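For reference, the structure discussed in these notes is given below.
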Amino acid sequence: MSDARTITCIRCPRGCRVTVLSVDDRKASGQTCKLGLEYALEECRCPRRTVTAVVRTDNEKIRYLPVKTDKPLKKSLIVPLLRQLYTMKVCLPVESGGVIMTDFRQTGVNVVVSVGAEPI
Amino acid sequence: MIERQECDVVVVGGGAAGMAGALACHEQGLRVTVIEREESLGGILLQCIHNGFGLHHFGEELTGPEYALRFRQSVEESGIHVCCRTTAFRLEDKGSYRSVMTCSGEHGVREYRAKAVILSVGCRERNRGNIGIPGTRPAGVFTAGLAQRLTNIDGYIPGRRVVIVGSGDIGLIMARRMTWLGAKVLGVVEIMPTCSGLLRNVVQCLEDFDIPLYLGHVVTKIIGADRVRAVEVGPMRDGEVDTSAVFRLDCDTLLLSVGLVPEHDLAQDAQAEISPDTNGPIVDANWMTSVPGVFACGNGLHVHDLVDDVSHESRLCGLSVADFVRVGGFDNEQLTVNAGTNVKYVMPGKIASGRGCSLSFRSLIECEKATCTLRQGPNILVSKTLRFVRPAEMIRWDITTEKLKGACGEPVELSLGKATNDE
């Protein structure tokens, strides 16, 4: 990969425009921190995103809970993950950070509850 | 007989601003009561289930509910008195104290008498009426924040084919949310020539899904009897819609992300002066409104882009409240800060002479390498080069006491300009 590609970093609100000169040599310009370099290289190799959603609970007062992947997930696996999340039902109580899905499709990515809840 | 309670500070609103303000007051030894209308503390963060919060404040990326939880836990541990499911409906300055009238199902009407009040009441969304979209009035037109609440808290899907008006962050975030819920987002229509949300949201919410961004376009008509069936969209040419280029998008839902306005009803009720620039109350260097003992912070003061900035500002506000309660007032000399060239507004509009400050402001221009300068008459007090400025991104500038040592008397002016090469 030698063709320069410009990527807008999404790791912080600054949104640096990073031009990747070489993925193999880890060469890029325009980033203002090392997160920018890492993000831009990852984006060239295999784009990933943190996925957030809500899942149904077994409680009628608190019907949905916010969840997220604990690491960014390969983009092509986002829709399959969401499909599975939308069929799930989480039983309360559940703690903040509690894992509700482990190692999704052998990616090492888990789905955790952002903020847990007690049944009411 | 109305039940009466007394405390040092009443904080109206238990969102990001209220929690940070309350914690700062508590830390300074004040007796604090937080009034919150919803079931629990957290405010709008609770429906912002996406990540990207807290990078500045906590040094890590959190979702909205996680960010709120960290503050909520601190509030709970502190023993601050919190009244949820309670609405504050009147605020009055009684001279020796401030009176806040509240009501709740549990306690009925109550009066809180406090030495100081923090208004951390948040903001409201502008809606269809504010921008005047012509057409019929069918179901299916929502503000983006309402749609966000429906999808993320109540678990409803507002529609299947969606057009979004306005490229503010909530609109962009909702484009991704709706797509991930299986809906088709046909496009985001923005009247301005540039996007009004953060760049990273354009990337991860639109470009990731090939959602078109129609810059310099407006929705010219809403079509549909009972439910939205389509909208017409046209480009702007020289300040008018080019009717020859209008096209139709078949959709069942229109989401409006067309700006936020500070909720200033209580401030106005207390006869605080309201700023025409921000629509929030005018505050001085101590974050105090024109009504003594009434303070304001967060989106109820001016609309922020980042919650991290809200927490920072609200903490400063809380510390200031503590000074007020201890001494019973302020006697520091203050300088007016005016918005100069290329600056839309500066918050706060005053700084204490000879003391460091934290200025928040918005640029009117978009450029790389800009210099912001604080001047007093012909003298440059302090200046700083910024890598990149955009109207959509609030700039925060923390200035140390040292830099402002000599400043007293005359108003100062904050301006922005393209940096010269040697900087």
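All values below were derived from every heavy atom in this structure, side-chain atoms included, with hydrogens, water molecules and symmetry-related copies excluded. Letters A, B, ... mirror the listed sequences (proteins, then strands); counts begin at 1. If you're wondering where the values come from, they're calculated on a predicted model, not measured in any experiment.
- When side chains are defined from C-beta on, Asn51(B) does not count as touching Lys68(A), because their heavy atoms never get closer than 4.5 Å.
- The local environment of CE in Met88(A) is crowded, with over 12 non-hydrogen atoms from other residues, nucleotides or ligands closer than 6.0 Å.
- More than 12 heavy atoms of other residues, nucleotides or ligands lie within 6.0 Å of NZ in Lys75(A), so this atom counts as buried by the packing criterion.
- Residue Tyr156(B) qualifies as open at atom OH: its count of foreign heavy atoms under 6.0 Å is 12 or below.
- Contact annotation for Val79(A): neither backbone nor side-chain heavy atoms come within less than 4.5 Å of a heavy atom of chain B.
- For a residue to count as touching a neighbouring chain, one of its non-hydrogen atoms must lie under 4.5 Å from one of that chain's; by this rule Ser96(A) touches chain B with the side chain only.
- If you measure heavy-atom distances from Glu39(B) to chain A, you find no contacts under 4.5 Å at all.
- At least one side-chain heavy atom of Cys16(A) sits under 4.5 Å from a side-chain heavy atom of Arg387(B).
- With a 4.5 angstrom heavy-atom cutoff, Leu65(A) does not touch chain B via any of its atoms.
- Atom OG1 in Thr52(A) sits 5.5 Å away from atom CZ in Arg176(B) (nearest 0.5 Å).
- Of all the heavy atoms in Leu199(B) and Gly15(A), the pair that sits closest is CD1-O, 3.8 Å.
- When all heavy atoms of Trp180(B) and Tyr86(A) are compared, the pair lying nearest together is O-OH, 2.8 Å.
- Remark: Glu207(B) CD to Ile7(A) CD1 distance equals 11.0 Å, nearest 0.5 Å.
- Among the candidates Thr63(B), Leu198(B), Thr151(B), Leu46(B), the residue making the largest number of heavy-atom pairs closer than 4.5 Å to chain A is Thr63(B).
- Between Arg49(A) and Asp208(B), the shortest heavy-atom contact is NE-OD2, 2.6 Å.
- Atom CD of Glu95(A) is surrounded by 12 or fewer heavy atoms from other residues, nucleotides or ligands within 6.0 Å.
- For Lys71(A), the NZ atom sits in a packed shell: over 12 heavy atoms of surrounding residues, nucleotides or ligands are nearer than 6.0 Å.
- When heavy atoms are compared at a cutoff of 4.5 Å, Arg390(B) does not approach chain A at all.
- Between chain A and the options Val202(B), Leu181(B), Leu62(B), Asn201(B), the largest number of non-hydrogen pairs under 4.5 Å is found for Leu181(B).
- Most heavy-atom pairs under 4.5 Å with chain A: of the set Arg177(B), Glu66(B), Arg200(B), this distinction falls to Arg200(B).
- Heavy-atom minimum distance, Tyr64(A) versus Asp154(B): CE1-O, 3.5 Å.
- Of all the heavy atoms in Pro66(A) and Ile49(B), the pair that sits closest is CB-CG2, 3.6 Å.
- Annotation for Glu76(B): atom CD counts as buried by contact number, over 12 foreign heavy atoms lying within 6.0 Å.
- Contacts between Ile153(B) and chain A at a heavy-atom distance below 4.5 Å involve the backbone alone (N, CA, C, O).
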